[in-house]
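Below is one structure, written out as structure tokens, with a few remarks after it.
Throughout, a chain's letter reflects where its sequence line sits, starting with A, and its residues are numbered from 1.
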There are 2 protein chains.
Amino acid sequence: MTIRYAILGFLSWKESSGYELKKIFEDSPYLYWSGNNNQIYKSLLQLQKAGLVTYKTVHQDGAPSKKIYSITKKGQEELKKWIMTAPAVPEFKKPFLIQMAWADILSKEELKALFARYEKEIETQLNFQKEKYDREKDWPNRSPRETFLWNMISVNLMSTFQSELAWIRKVSQQLSRFEE
Amino acid sequence: MTIRYAILGFLSWKESSGYELKKIFEDSPYLYWSGNNNQIYKSLLQLQKAGLVTYKTVHQDGAPSKKIYSITKKGQEELKKWIMTAPAVPEFKKPFLIQMAWADILSKEELKALFARYEKEIETQLNFQKEKYDREKDWPNRSPRETFLWNMISVNLMSTFQSELAWIRKVSQQLSRFEE
DNA sequence: TGTCTCATGTAAGGGGTTACATGATTCC
DNA sequence: GGAATCATGTAACCCCTTACATGAGACA
């Protein structure tokens, strides 16, 4: 379960409550989970049972109590071990390709429209990406090298969508060869 | 559940048994499911209950009986309806980016090694891709346009990995700026 | 003798999602 | 009065994966 390591990573940067982690997951595009309660609160419980994190309960007035989690020494070791393991193969799930596989039953207008829709969808995603990148200023940059790493993560996400966009545009363009 | 539509698609091309479908899913990279029994046999059952497919049992000697599934008229209509719906956003899951996010704790040698591993992994995936593309000859090509669509699917998968490869190479190269 | 192919199916469990539940405060 | 924010948690359900089960014939 990679999500536990993603949480461990964040806690290695700064201690947080489940609620804060939830928000981070919700709007970090490279953290590809939805950030729902079930996952985060359960993961924190498991991490705590495994001795990789601890928490202290902080009482607030005018707001509910919260549990501030922080990483343990064992957690830090476990994190480093994981970072150095062989990277997993990235997963690409594109239901659109399955639509395309059987799209020859569509008329040329219908096909054109389908491609145009996908192009718009990818453009939208790319813009979301850019917006998020511009908004984020409070990421870890404890060293120039760390800042570089985080920039490259953003570049990766954007170039993934850009590559998809270039592809669908080429497909749309080449489709015209089959028209008359 | 997209897998049911993927199955419907194949059955719209030619009737098949669950066993045959399983093999198709196992080595079609754009069909991003593992192609395990549970999924395929259950999906076929659901499709059949919904009246989108039917089957006839074929007895063989020297081999177990099999169920040959074929698409119904209702199934064809359902498939066309789905193909014309708004394409879903592609999903990209890259655990490597999470490793990278916290990789500043590594030494330069360790970081270099991590990047080199990822590069090799992507190269391997790209080669798998190419091999499969070269091997596949018995795909639907009932019209030049259909052949074009299937070629573009392969191009998509390859360019996705190529884009990832270009990115990791650039990252590796730029990393040298932080060395001394 | 052991493994591979053909062929269908089940069991168990992990991972992920949405929705529900509570309860105070703040903002419109 | 109603929605949003803070904060933690549970329930129900779907999807997906690995592994198990059966049983015949082919091949080394």
Side-chain angles (χ1 to χ4, degrees), chain A residues 1-8 10-11 15-50 53-69 88-89 91-95 98, chain B residues 1-7 10-11 15-29 31-50 53-69 88-89 91-95 98:
Chain A
M1 262 245 289
T2 322
I3 195 172
R4 284 193 225 122
Y5 290 104
I7 292 173
L8 257 193
F10 262 91
L11 295 180
E15 49 177 35
S16 305
S17 64
Y19 190 79
E20 285 173 293
L21 285 167
K22 195 191 159 176
K23 282 194 292 179
I24 288 165
F25 275 80
E26 270 165 2
D27 54 44
S28 291
Y30 81 99
L31 299 168
Y32 44 81
W33 300 270
S34 73
N36 65 82
N37 292 355
N38 210 323
Q39 246 184 332
I40 289 178
Y41 290 112
K42 264 189 188 162
S43 299
L44 283 169
L45 198 74
Q46 289 171 325
L47 284 168
Q48 184 245 307
K49 274 182 186 163
V53 305
T54 38
Y55 69 87
K56 43 182 188 221
T57 305
V58 177
H59 300 281
Q60 308 174 102
D61 34 61
S65 298
K66 57 183 173 181
K67 292 180 178 175
I68 302 290
Y69 286 88
V89 181
E91 264 179 62
F92 305 107
K93 299 192 177 179
K94 310 184 182 183
I98 299 169
Chain B
M1 264 247 288
T2 322
I3 194 172
R4 284 192 226 121
Y5 290 105
I7 291 174
F10 261 92
L11 295 181
E15 49 178 33
S16 306
S17 65
Y19 190 78
E20 285 174 292
L21 286 166
K22 195 192 159 177
K23 282 194 294 177
I24 288 165
F25 275 79
E26 270 166 3
D27 54 44
S28 290
L31 298 169
Y32 44 80
W33 299 271
S34 72
N36 64 82
N37 293 355
N38 210 324
Q39 245 183 335
I40 289 178
Y41 290 111
K42 264 189 187 159
S43 298
L44 283 169
L45 198 75
Q46 288 170 325
L47 285 168
Q48 185 245 309
K49 274 182 186 162
V53 303
T54 39
Y55 70 87
K56 44 181 187 221
T57 306
V58 176
H59 298 284
Q60 309 174 105
D61 34 61
S65 299
K66 56 184 174 181
K67 292 180 179 176
I68 301 291
Y69 286 87
V89 182
E91 264 180 62
F92 305 106
K93 298 193 179 179
K94 309 185 183 184
I98 299 169

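A close approach under 4.0 Å does occur between a side-chain nitrogen or oxygen of A:Gln60 and OP1 or OP2 of D:dA7. Distances shorter than 4.0 Å separate none of the side-chain N or O atoms of A:Tyr41 from OP1 or OP2 on D:dG9. Residue B:Ser34 has a polar side-chain atom (N or O) positioned under 4.0 Å from OP1 or OP2 of D:dT17.
Ion pairing of B:Lys66 with B:Glu20 is absent here, as no side-chain N (NZ or NE/NH1/NH2) approaches a carboxylate O to less than 4.0 Å. Classification of B:Glu91 and B:Lys93 as a salt-bridged pair holds, one side-chain N sitting under 4.0 Å from a carboxylate O.
Within the 4.0 angstrom heavy-atom criterion, no nucleotide atom of any strand lies near A:Lys22. Nucleic acid contact for B:Lys93: none, since no nucleic acid atom lies under 4.0 Å from a heavy atom of the residue. Within 4.0 Å (heavy atoms only), A:Lys42 reaches no atom of the nucleic acid at all.
When distances are taken from the side chain of A:Lys23 to each of C:dT18, D:dC6, C:dG15, the shortest belongs to D:dC6. Of all nucleotides listed (D:dC15, D:dT8, C:dG9), D:dT8 comes nearest to the side chain of A:Tyr19. With distances taken from any side-chain atom of A:Trp33 to the nucleotides C:dT17, D:dC6, C:dA7, the minimum falls on C:dT17.
One distance of note links OH of A:Tyr69 with OG of A:Ser16; it measures 11.5 Å at 0.5 Å rounding. Rounding to the nearest 0.5 Å gives a distance of 12.5 Å between OH of B:Tyr55 and CD1 of B:Ile68. Put simply, CZ on B:Arg4 and NZ on B:Lys42 are 11.5 Å apart, with the number rounded to the nearest 0.5 Å.
On a pure distance criterion of 3.5 Å, no polar donor-acceptor pair joins the side chain of B:Asn37 and the base of C:dT10. Between the side chain of A:Asn36 and the base of C:dG16, no donor-acceptor pair under 3.5 Å is found.
The distance between atom CG of B:Asp61 and atom P of D:dG23, rounded to the nearest whole Å, is 19 Å. Between the OH atom of A:Tyr32 and the C1' atom of C:dG15 there is a distance of 12 Å, rounded to whole Å. Look at CG on B:Leu21: it is 13 Å from C1' on C:dT8, rounded to the nearest Å. Atom-to-atom, CG of A:Asn38 to P of D:dC15 comes out at 17 Å; the value is rounded to the nearest Å. A:Gln39 has its CD atom 14 Å from the C1' atom of D:dC14, to the nearest Å. Between A:Gln46 atom CD and D:dG9 atom P the separation is 13 Å, expressed in whole Å. Rounded to whole angstrom, the span from the CD atom of B:Glu26 across to the P atom of D:dT18 amounts to 10 Å. Distance, B:Leu44 CG to C:dG9 P: 9 Å, rounded to whole Å.
Comparing B:Gly35 and A:Ile68 against DNA chain D, the residue whose closest nucleotide sits nearer the 5' end is A:Ile68.
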